[in-house]
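Worksheet: the structure to be examined is printed underneath.
Lettering follows sequence order; numbering is per chain, from 1. Worth knowing before you read on, the calculation uses all heavy atoms, side chains too, and leaves out hydrogens, waters and symmetry mates.
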2 protein chains.
Amino acid sequence: MQLKKYTDYGLRILMYLGSVQNSELPDKRATIKEICETFKLSANHVNKVVHHLGRLKLIETRRGKHGGFLLAKAPDEIRLDYVIRELEGDEAWIDCHNPYCVALPACELNSIVGRGKELFYEHLSRYTLKDLLKNSAQLQQIFLTAGQSPALNRSA
Amino acid sequence: MQLKKYTDYGLRILMYLGSVQNSELPDKRATIKEICETFKLSANHVNKVVHHLGRLKLIETRRGKHGGFLLAKAPDEIRLDYVIRELEGDEAWIDCHNPYCVALPACELNSIVGRGKELFYEHLSRYTLKDLLKNSAQLQQIFLTAGQSPALNRSA
DNA sequence: TCAAAAGATACATCAATAATGCACTTTATA
DNA sequence: TATAAAGTGCATTATTGATGTATCTTTTGA
C-alpha cells in the first residue's frame, strides 16, 4: 500500500516548477534534463510524467530548442487530490472480482474501504501545490544547490 | 494503490468464521481446506494468512486431527483498522528515501499524505467485524451453498 | 503405538506491474 | 539547417505479491 513513484515524481516536478516560478525567474522554463539532475531521476520516467502533467493541463510544455515547461496554473489552483488521483489512477482499493468473492452480494467491506478512500482524497482536496511551497525559500536553495552539483548528492 | 490480496483474504476468513459462529454451530472449527473450497483460493496462501491471524490472537488455531480454528474474540471486538494495518503492513504511503528526495528537509508532502493515511485508518477504526456481518443470514446461505458445490462458482 | 488429519515452516517459482532504458520521431528556433 | 527540446513506442529489468512443493510438528482416535 504505497503511492507509485510515478505519482511521487509528478509531485516533485510540480514542486520544482512552483519553487522556480516563485523566484526571480517566474517565466523560466524547466527541462526534463534539469529535473533529472536535480532529483537524480531517470530521464525516461520523468519524460512520461511530464507528458502526463501536460495532458492534464497542469503544465504547459513546449518542444524544440529553448523548449521546456512551466506551470499552467497558479499553485493555489492545483489541488493535491486531483494530481494524485490522476497520476495514481483511481481504481478501487479492494478488488472483489479478481479473484471473485462469493460473499460479494452480502458484503459490506468494499463500501467501508471505499468510503475510507474517499476520506483520504477529501483530506488531500484541502491542500494545493501552494501548501507544498510553504518553505519556498528553502526549497529554492535546495534546488539551486542540487542543480549545481549534478554528480554528487546520492543516497540510498 | 490497492490493498493486498493477502489482507483481503484475511478479512474474508474472518467474515467466514464470524458467519459460521453466528449460526447453529457456534463452536465449530473451520479448516483451511474448507475456506479454500468456499472462496476458491490457494491453500498455501490461506495457510499463511490463517497463521498470521493466529499470531495476532484474532483466531485460535489448533493442530492435528479435528484441528482447525475459530474466532478468539467477539466480532465486535475485532476492529477493522487493526486487522488491515497488521495484515497490510504499516509502511508510509510515500517513500522519501528510495530514491532519496533532495526536497525532503523542506517538504510538506509526506506529512499531508501521512495525515490522509491516518484519516483512512481512523475511519476503519469505527468498524468491527460485527459490521461486516450485518447480512449474516445471507452470508451463511452463501457460504453453505459455496461449500456444497466446491467445483463450481468460478469467475474472472 | 501408529496412522491420519490438521496447522507450521521453509524454500522455490510464477506472475503482475512498476520502473527504467533505448531508439526514433516531431517540433521549434537560432 | 543543425540543434535542442519534448513526444512516442517498444523492450528490458526489478520488485514484490501470489502461488506451489515439500517437509515438519502436533493432536487424536483407532
Among dA19(C), dT28(D), dC10(D), which is the nearest nucleotide to the side chain of K48(A)?
dC10(D)
Kindly point out which of dT26(D), dA18(D), dT29(C) is positioned nearest to the side chain of R62(A)?
dT29(C)
Same apolar cluster: I13(B) and Y82(B), side chain cutoff 4.5 Å:
yes
Once you round it to whole Å, what is the distance between P of dT26(D) and NE2 of H51(B)?
13 Å
Should L70(A) and I35(A) be counted in the same cluster of Ile, Leu, Val, Met, Phe, Trp and Tyr side chains packed under 4.5 Å apart?
no
Among the nucleotides dT20(C), dG7(C), dG20(D), whichever has the atom closest to the side chain of S42(A) is dT20(C)
Starting from P on dT9(C), measure out to NE2 on H45(B) and report it in whole angstrom.
17 Å
Neighbour count above 12 (heavy atom, 6.0 Å) for K134(B) NZ:
no
First encountered from the 5' end of DNA chain C, between T7(A) and T31(B)
T31(B)
Sidechain-backbone polar pair: K130(B) side chain, G18(B) backbone, donor-acceptor under 3.5 Å
no
Base, sugar-phosphate or nothing for G68(B)? Non-hydrogen atoms, less than 4.0 Å.
sugar-phosphate
Whole-Å gap separating C1' (dA18(C)) and CG (L41(A)):
15 Å
Please state how far atom CD in Q2(A) lies from atom P in dT16(D), giving the value in whole angstrom units.
9 Å
Distance criterion of 3.5 Å, no angle test: do you see the side chain of K4(B) paired donor-to-acceptor with the base of dT16(D)?
no
Y9(B) side chain: which of dT19(D), dC22(C), dA6(D) is closest?
dT19(D)
Between P of dA5(C) and CZ of F69(B), the distance in whole Å
17 Å
Quick one: R29(B) CZ to dT28(D) C1', roughly how many Å, whole number?
12 Å
Closest of dG20(D), dA18(D), dA19(C) to the K5(B) side chain is dA18(D)
Please report, rounded to the nearest Å, how far the P atom of dT15(D) is from the CG atom of D95(B).
13 Å
Would you please classify the geometry between the Y121(A) ring and the W93(A) ring as parallel, tilted or perpendicular, with 30° and 60° separating the classes?
tilted
Side-chain contact check for K65(B): nearest option of dA19(C), dA5(C), dT26(C) is dA5(C)
Kindly assign one of parallel, tilted or perpendicular to the pair Y9(A) and H45(A), based on the angle between their ring planes and the thresholds 30° and 60°.
perpendicular
Can you figure out which of dT8(D), dT3(D), dT26(D) approaches the side chain of N47(A) most closely?
dT8(D)
Minimum-distance nucleotide (side-chain atoms of H66(A) versus dA30(C), dG7(D), dA6(D))
dA30(C)
Most 5' of V50(A) and G64(B) on DNA chain D, judged by nearest nucleotide
V50(A)
Round to a whole Å and report the spacing from CG of L3(B) to P of dA18(D).
10 Å
Using only side-chain N and O atoms of T61(A), determine if any of them is under 4.0 Å from OP1 or OP2 of dG7(D).
yes
